[in-house]
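Throughout, a chain's letter reflects where its sequence line sits, starting with A, and its residues are numbered from 1.
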Amino acid sequence: MPERSPDAAPPPTSEEPLRRPVPPGEAIVRTLAADEATRDVPPDAISLRLAAVEAGPETTPERRGLGVAAWLAVVWLLLLGAVALTVPVLPVPDPTVDAEPALARQGPSLSHPFGVDGAGRDVFASVLWGTRVSLFIAVASIVAGFVAGGVIGIVAGYFKGRIGGVLGSAMDVFLAFPQLILALSIVTFLGRTVFNVTLGLAIVATPVLARIARASTLSWSEREFVLAARAQGARHLRIMVREILPNVLPAMFSIALLGVAVVIVAEGGLAIIGAGVKPDIITWGNVIVRGQGELRDASHIVLAPSLVIFLTVLSLNYLGDVVRARFDVRESAL
Amino acid sequence: MRTLLGKLVRLVIVLWIVTFFSFALTKLVGGSDDLVTKLIPFGSEAQKEQLREDLGLKDPFLTQYRRWLGNFVTGDFGNYYLPNPRPVSEVVADSLPVSLELMLFAQTLALAVAIPVGVFTAYRAGTRLDRSANAMAFGLLALPNFVVALLLAIYVGARWQLLPTQSNQVPFPLNPLENWRYMLMPTVSLALGQIAIYMRLLRSDMIATLQEDFITTAKAKGIPTRRVLFRHALRPSSLTLLTVAGLNVGALIGGAVVVERIFALPGMGSRLTEAILGQQYVAVQSYVALIAIFYIVINFTVDMLYTVLDPRIRHARAIA
């Protein structure tokens, strides 16, 4: 039982804790690190980020309401979601059609808040339109990875024997590829469409989420309530869906938030390498690619989408952190 | 000993699967006609026939794989095709050292900054300084390396003209100083994100170590703080950090590909990108296989080193 390690916080009855209580995140960092150390599986970008984020801001467990920063993050993400859904009806020019070549490379102004790119297209409009595709890729690939990884991970964790071993090894092989290289090779050889980029990133995300689901399932399936369900004659499927799944979801969800952030960055990276969506489809990454040749004269083309990516990743990281802190509190209250 | 053997067997199996996957990649393009048409779209019918022959596309799949693997392990990574035919292995020989240098520099810089900062923030945990360092690290984590690279390229490179952005790279042994001028911005772009990760890991481990009794003893003996921190506390706190630093190579590879592209650094990443854009599928296939193999071997080595470094793990494994 991981809860009763000697490092655990002192019982709440003592007035003066002998040791500084370990903040909720740090226990996970160590478990995670220990897990990495004893397994052959390389950690992936997401779990590394998780470890780093975990060690971070010590949210006091007593605080119940969301902080100001968390609300800002939520508002920002909702705003992006709204933009992604409504951009065709918003009063912005369509950057695939409207261009004013006379204004090419003009800096930010009132009528063009993020300036104009080399072909005379409004950068603000490009970023708004890019939100649609970039968010679609990020959310769709993580949702696909979440479902596939969840199923694989729970099955692998629940049936610890041969099935678990085979599934685990299969995941290990996928994790043995550097993530970006795996995604870029899938996209390069299948073709640079939105669907293939989403597919490639989903394939990369699946083993990561499966690993989290498996680790979580392994610990939950030892609990008494699972034993009780089994004693009552519940079938495997029912135990996995009704007893284990609800407990595995929070951990997976917090990783999925980080995953969306990682995928947004990956889309940008793929676009720069030339293995992202074709340049005529507007994504945040492709807006950056457009501005890459004009860093000196028109740096705003690159800076605008970069800033949006930064704020989005920051929000997702922060919220992932908040979700995790809350989930830990709930778990320790059991 | 048995675990070592088991690990070696596993390593070989994973390598085998990864090469198989890399080989199968070109089959994703479509049938053999599609591949040939993509490799030399403007070639004459005779040239296409010749290429089909050279690549052995008429043989059964497994025969093709066996031949490809045989060539691959003997250092024949296939060829670039029109318009500029040459063997991939030549290009690898030129570009691999650049990429290795970049990753080595980035890793060194990241550790050189993260260790002192991590130790100090752990020592001063909870103070305003610690909190601001943490907030900064949190921000750095959200900053993709290509954004850092572009910012550096815009300001340090294009606006202030302090460092060159388009690289005419000089090999390190010829002129180290000139070489560093080209490497500095790519290195910093790669290292910043790692600094945040390493610093936070070390800080959290260090905070735990500083509560141990032997630290109190060391302090009670009157040993200077600096010595307590760096001589007594750092070593037991740094195991996680070292493992993660070793295993983090995968993230570095991906980052290096993007950063090399931005600074036109003539490493494997730039060559891979060019091959993708030029539809040189055979070359892409070999690069992907090489990078994956490199990554797997590094992971294996780190895993072995970790066992050597930490006797507790050696024992735990011997028992298990």
Novice: Quick one: CZ on Phe146(B) to CG on Leu270(A), what's the gap to the nearest 0.5 Å?
Specialist: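 Here the interatomic distance stands at 9.5 Å.
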
Novice: For Pro178(A) and Ala292(B), which heavy atoms make the closest approach, and how far apart are they?
Specialist: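 In this case the closest contact between Pro178(A) and Ala292(B) is CD-CA, 4.0 Å.
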
Novice: Side chain, backbone, both or neither: which part of Leu303(A) has a non-hydrogen atom closer than 4.5 Å to chain B?
Specialist: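 Just its side chain gets close to chain B.
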
Novice: At a heavy-atom separation under 4.5 Å, does Phe21(B) approach chain A through its side chain, its backbone, both, or neither?
Specialist: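 Answer is side chain: those atoms of Phe21(B) sit under 4.5 Å from chain A.
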
Novice: Pick from Arg131(B), Arg261(B), Glu260(B): which one has the most heavy-atom pairs with chain A under 4.5 Å?
Specialist: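 Most heavy-atom pairs within the cutoff with chain A belong to Arg261(B).
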
Novice: State the CD1-CG distance between Ile273(A) and Leu277(B), to the nearest 0.5 angstrom.
Specialist: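 Those atoms lie 10.0 Å apart.
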
Novice: Do you know which two heavy atoms are closest between Pro144(B) and Ile309(A), and how far apart they sit?
Specialist: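 Closest heavy-atom pair between Pro144(B) and Ile309(A): CG-CG2, 3.9 Å.
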
Novice: Would you mind checking which part of Leu151(B) comes under 4.5 Å of any heavy atom in chain A, side chain (CB onward), backbone (N, CA, C, O), both or neither?
Specialist: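 Side chain of Leu151(B) only, per the 4.5 Å heavy-atom cut-off to chain A.
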
Novice: To the closest 0.5 Å, what do you measure between CG (Leu184(A)) and CD1 (Ile276(B))?
Specialist: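 One gets 4.5 Å once the value is rounded to the nearest 0.5 Å.
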
Novice: Which answer fits Leu311(A), side chain, backbone, both or neither, if we ask what part of it has an atom under 4.5 Å from a heavy atom of chain B?
Specialist: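 Neither part.
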
Novice: Is the shortest side-chain heavy-atom distance between Tyr295(B) and Phe177(A) below 4.5 Å?
Specialist: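 SC-SC contact between Tyr295(B) and Phe177(A) ruled out.
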
Novice: Given heavy-atom pairs under 4.5 angstrom as the criterion, report whether the side chain, backbone, both or neither of Phe300(B) touches chain A.
Specialist: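 Contact with chain A: none, neither part.
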
Novice: Atom CG of Leu141(B) and atom OH of Tyr318(A): how far apart are they, to the nearest 0.5 Å?
Specialist: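 So the gap between those two atoms works out to 14.0 Å.
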
Novice: Does Phe23(B) CZ have over 12 foreign heavy atoms under 6.0 Å away?
Specialist: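 Correct, the count exceeds 12.
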
Novice: Identify which part of Leu272(B) has an atom lying under 4.5 Å from any heavy atom of chain A, answering side chain, backbone, both or neither.
Specialist: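 The side chain, not the backbone.
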
Novice: For the residue pair Asn317(A) and Phe138(B), establish whether any side-chain heavy-atom pair is separated by less than 4.5 Å.
Specialist: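 Side-chain contact under 4.5 Å: yes.
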
Novice: Which word best sums up how the rings of Tyr281(B) and Phe189(A) line up, parallel for under 30°, tilted for 30 to 60°, or perpendicular for over 60°?
Specialist: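 The rings of Tyr281(B) and Phe189(A) sit tilted, inter-plane angle from 30° to 60°.
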
Novice: At what distance, to the nearest 0.5 angstrom, does CD1 of Ile253(B) lie from CD of Gln179(A)?
Specialist: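 Taking CD1 in Ile253(B) and CD in Gln179(A), the distance rounds to 11.5 Å.
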
Novice: In terms of heavy-atom proximity below 4.5 Å to chain B, should Leu182(A) be classed as side chain, backbone, both, or neither?
Specialist: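 Contact with chain B: side chain only.
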
Novice: For a side-chain contact (heavy atoms from CB on, under 4.5 Å) check, start with the C-alpha distance between Leu180(A) and Val258(B), then their side-chain angles and the critical distance, and finish with the verdict.
Specialist: CA-CA 10 Å; Leu180(A) 197 71; Val258(B) 179; 3.8 Å; yes

Novice: Please tell me if the side chains of Leu150(B) and Gln292(A) come closer than 4.5 Å, counting only heavy atoms from C-beta onward.
Specialist: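 Leu150(B) vs Gln292(A): side chains touch.
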
Novice: Does OH belonging to Tyr123(B) count more than 12 external heavy atoms closer than 6.0 Å?
Specialist: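 Counting neighbours around OH of Tyr123(B), 12 or fewer heavy atoms of other residues, nucleotides or ligands fall under 6.0 Å, so no.
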
Novice: Give the minimum heavy-atom separation between Val288(B) and Ser185(A), together with the two atoms involved.
Specialist: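 Closest pair (atom of Val288(B), atom of Ser185(A), distance): CG2-CB, 3.9 Å.
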
Novice: Between Gly274(A), Ser315(A), Ser299(A), which residue shows the highest count of heavy-atom pairs closer than 4.5 Å to chain B?
Specialist: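 Top count of heavy-atom pairs under 4.5 Å with chain B: Ser299(A).
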
Novice: Calculate, to the nearest 0.5 Å, the distance between atoms CZ and OG belonging to Arg10(B) and Ser169(A) respectively.
Specialist: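 It is 5.5 Å, given to the nearest 0.5 Å.
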
